[in-house]
2 protein chains.
Amino acid sequence: MIVNVTFNGEYNPADFPPFAVTTDLVILTVRPPSLEVLLVERAEEPFAGSWALPGGFVGPEQDLSDAAGATLTDKTGIELDTAHLEQLATFGSPARDPRMRVVSVAYLAMVANPPPAAAGRDAAAAEWQPVSSARATTLAFDHADVLEAGVERARAKLEYTTLATSFCAPEFTMAELRTVYETVWGIALDPPNFHRKVLGSAGFVEPTGRTATQAKGRPAKTYRAGPATTLTPPLAR
Amino acid sequence: MIVNVTFNGEYNPADFPPFAVTTDLVILTVRPPSLEVLLVERAEEPFAGSWALPGGFVGPEQDLSDAAGATLTDKTGIELDTAHLEQLATFGSPARDPRMRVVSVAYLAMVANPPPAAAGRDAAAAEWQPVSSARATTLAFDHADVLEAGVERARAKLEYTTLATSFCAPEFTMAELRTVYETVWGIALDPPNFHRKVLGSAGFVEPTGRTATQAKGRPAKTYRAGPATTLTPPLAR
DNA sequence: GAAATAGTGTCTTTGAGACAATATATG
DNA sequence: CATATATTGTCTCAAAGACACTATTTC
């Protein structure tokens with residue numbers, strides 16, 4: 001198939017050869033004791049059989065964030081308004097795709113309790129994998145770099161934003177919220193101090209008035225995400 | 001001029017029509033009492049006569065950061081190794097360029113004591129303008145959004161990185177470094193506390209052993225940037 | 001010496017962290 | 001009641017902020 005594109009005036013094609021633009025997503029979820037990322041097994045070349053981040057081409061009239069959002073809902077089955085989605089960084093090394101110039105705008109998504117992953121049209125399989133496993137795998141393209149950027153962004157943002165709640169169900173206990181931090185950061189936090197810090201951060205969480213029964217021990221009060229988006233002072237790692 | 005591009009297999013052109021990829025730069029410098037940004041006056045359509053951020057097309061085999069670096073040295077006359085340059089965000093709304101689909105990867109640069117701006121090939125003029133003035137101007141494309149993102153990134157990064165030194169000459173006084181913060185943040189800082197905080201942050205600055213004569217008052221010791229890149233704990237705004 | 005700017009000392013307040021103590025559930 | 005988990009209390013320490021004070025220069 002042949003595509004003819006005519007340029008003139010200031011827009012000389014020598015100045016801007018056709019680029020393909022894609023989005024790739026680092027979709028994270030917390031499944032204690034692991035931070036997990038959604039990977040797909042590529043069905044076609046290049047890197048057929050390799051694990052990769054889910055992604056896709058940006059349509060001619062499609063906004064970048066819409067393309068990312070479509071991939072997110074398609075791959076996870078999660079509605080956009082329950083997930084956090086933000087632009088991460090753009091990867092455009094000339095050599096990153098062996099066949100042609102592809103610039104990829106990476107997005108970071110944080111989701112809670114996703115349904116099991118299902119293979120799509122272009123993927124042989126889709127699977128939630130612990131980030132530690134994904135790091136040990138040879139990912140397609142430069143997706144190892146993208147994954148690192150996404151994980152580091154998520155780790156950093158837990159410090160100074162309320163985004164940890166996007167890894168939680170709509171209603172959660174203080175221990176569940178704390179476990180999000182412990183899982184993403186890979187460290188143990190002091191439960192009493194964490195409890196006080198969260199309640200002392202105005203707008204971080206709101207009490208529901210309900211309690212959640214524990215397998216053992218005193219029932220925990222439940223909370224929902226509050227209106228605040230930033231934590232000042234931050235929650236130290 | 002006609003460009004023929006052949007696609008097949010997974011790379012169906014219907015999935016990825018030709019995009020142009022550009023870089024746009026938010027190049028900031030501190031000239032007390034103003035934080036200033038380099039703007040160019042567009043010589044050609046669209047937005048001929050409007051002020052815009054400097055930028056350019058990414059070459060077929062050119063890395064994104066190389067394209068940004070080339071624009072930086074071209075427009076400011078500053079060597080890359082003396083400036084800070086980082087990727088900011090990518091802007092790709094289908095409507096952002098009236099003629100065709102252009103995805104712009106924005107970069108943020110911080111420079112010290114730039115020479116006067118000079119018009120280039122594609123610009124009628126180039127000028128350092130206070131950010132407050134630039135905000136009051138109607139900028140070309142979506143450059144108002146890009147500028148906001150750049151300024152906010154710079155303001156935030158002064159808190160938890162040592163990047164304020166990239167706004168300073170190689171050798172600077174504590175008052176000069178403090179003035180960088182005061183100019184970017186638009187607030188006054190307490191000189192004694194600032195002094196202690198900076199010296200207490202290991203690797204932020206290193207003494208040169210020299211002093212700088214003041215117009216009035218006691219000469220100030222001078223410092224150079226140290227090896228540290230992050231400030232923990234941060235310098236509160 | 002007066003004025004200006006650089007730099008030090010000290011006190012108060014805030015918040016993080018360690019950890020004891022109390023509360024409320026299950027078996 | 002023993003045990004487990006949630007929640008509150010208390011003490012200590014580090015750092016931020018206010019601001020008095022000292023140091024060193026020019027005029």
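Chain letters run A, B, ... following the sequence lines, proteins first, then strands; residues in each count from 1. Values in this document were obtained by computation on a predicted structure and should not be read as measured data.
A salt bridge (Lys or Arg N to Asp or Glu O under 4.0 Å) with A:Glu152 is found for one member of A:Arg237, A:Lys157, A:Arg135 and no other, namely A:Arg237.
Annotation for A:Trp128 and A:Leu28: closest pair CZ3-C, 4.2 Å, computed over non-hydrogen atoms. Closest of all the heavy-atom pairs between B:Leu88 and B:Ala149 is CD1-O, 3.7 Å. Residues A:Pro54 and A:Lys75 come closest through the heavy atom pair CB-CG, 3.8 Å. Here the closest heavy-atom approach between residue B:Ala228 and residue B:Thr162 is recorded as O-OG1, 2.8 Å.
Against DNA chain C, the stretch residues 154-193 of chain A makes heavy-atom approaches under 4.0 Å through A:Asp190, A:Pro192, A:Asn193. Listed by residue number, B:Arg196, B:Lys197, B:Ala215, B:Gly217, B:Arg218, B:Pro219 are the residues of residues 194-227 of chain B with a heavy-atom contact under 4.0 Å to DNA chain D.
Between the side chain of A:Thr222 and the main chain of A:Ala212, no donor-acceptor pair closer than 3.5 Å is present.
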Could you walk me through whether B:Arg96 and B:Asp145 satisfy the salt bridge (charged side-chain N to carboxylate O under 4.0 Å, His left out) test, starting with their C-alpha distance in whole Å, then the side-chain angles of each, then the deciding distance to 0.1 Å, before giving a yes or no? CA-CA 11 Å; B:Arg96 64 183 297 281; B:Asp145 295 336; over 6 Å; no
